[in-house]
Amino acid sequence: MIKLIKPYITFDEVKEEFKEIFDSGMLTRGKYSREFPQKMCEYTGAQYSFNATSATTALAMSLDTLGVREGDEVIVSDFSFPATVNVVEACGARPVFADVSRETYNMLPDELEKKITPRTKAVIFVCALGNPSGLDEIVCICREKGIPLINDAACAIGSSVDGVKVGNLTDIECFSFHPRKLLTAGEGGAITTNCDEYAEYLSVKLAHGATDKNGKMDFVTYGYNYRLPELQCLMLIKQLEKLDEIVAERLEIQKQTAQALEPMGYAAQKCAENAVHNIQSLVFTVPEHIERDGLIKHLKENGIESTIGTYCLSNCTYYRNKYGDVQPNALYLEQNTITLPCYTGVDTEKIIHTLLGQ
Ligand SMILES: *Cc1c(COP(=O)(O)O)cnc(C)c1O
């Protein structure tokens, strides 16, 4: 079976440091959990980075930082993993779905402008499947209107716009280190920002609501624990060091696959000319005459794992029933996109051959 994903980290790469961590007895709040945020800042260029247990907790903390409450509206990109909208619903705010481009799969500027109201408290842009295309235009609109912008960059570590890395492009950015993403620690996340005020708030909230003055904890507010343990931080540091190579390799696989499949009517997810997409997922819209679910089955029968692109949030049963505002492009993408295996050493030829034989 050709698997859909393969982590970019092996036990051999970490075993020496793992032993050192176990021997030290310091399984959390040690040198690696301090080092990882520093490395995230160096890599992305952001001023501050905080560890989190997942992109979901990172997003929830971001909404909290912006003071999003019941009665507020938050505009979200409609083509994403449901965690993007669940965090909005969970804090009692109303999610407003903005439709996306059928080419880049990202929020359309016109759709965003149409959805802004006096109650709009924040916007969550999603770098769909890692693609940051069009984010620059969304940044301009949000700045002009004075609306804080969160980048759900769960998939987008290593991507960039105009040479600026994701993590350093909006007010607050959230990353995931789930195994479906480029870098993984099993589970994990990060929040980056350049805003002193947000950083100050997060540093207290993420430490149980306490400030630390010369080792003396003062619980000045209520807070949370979304820390990442030492082993996880070490795994992430190791992968971050080779991230640019990983992205270059994936771009090459994407290029080869697109060249072979596009003449047959498959359309690759598009990237803007001023952007670099990390190809977190290798996604195509299938030709009109091909039924996507049948294609996934056909690949499986031939020993190739594949899956859908991602979800139309407004078409999830819960959100459709509650808001009934299904967005057409996101729905089209949910029904017509396929994710193919993409990693070092994957048998691209077999995948292409099997697709073309369909
Ligand atoms: C995976 C993903 C999430 C959730 O990430 P977790 O780390 O699993 O919480 C959120 N948003 C997007 C766009 C994702 O792809």
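When a ligand or atom number is given, it counts from 1 through the structure's own listing order. Residues: numbered from 1 along the sequence shown. Values below: all heavy atoms of this structure, side chains included; hydrogens, waters and symmetry mates excluded.
Close contacts between ligand 1 and Cys155 involve ligand atoms 15 (O) [criterion: under 4.0 Å to a heavy atom]. Less than 4.0 angstrom separates some heavy atom of Val126 from each of these atoms of ligand 1: 13 (C).
With ring centers used as reference points, Phe36 lies under 6.0 Å from Phe177.
Considering only non-hydrogen atoms, atom 14 (C) of ligand 1 lies nearest to Lys181 out of Gln280, Lys181, Glu187. Selection from Ala154, Ala156, Pro179, Ser54 by nearest heavy atom to atom 12 (C) of ligand 1 gives Ala154.
In terms of N/O distances under 3.5 Å, ligand 1 is approached by Asp152. Below 3.5 Å of separation, one finds no N or O of His178 facing any N or O of ligand 1. Distances between N or O atoms of Ala83 and those of ligand 1 include no value under 3.5 Å.
Classified by interplanar angle (parallel below 30°, tilted 30° to 60°, perpendicular above 60°), the ring pair Tyr226/Tyr224 is parallel.
Of the charged side-chain nitrogens involved, at least one lies within less than 4.0 Å of a carboxylate oxygen, so that Lys114 and Glu111 count as a salt-bridged pair. Between Glu73 and Arg119 there is a salt bridge, since a side-chain N of the basic residue sits under 4.0 Å from a carboxylate O of the acidic one.
Both cation-pi conditions hold for Lys165 and Tyr43: the charged atom is under 6.0 angstrom from the six-membered ring centre and inside a 45 degree cone around its axis.
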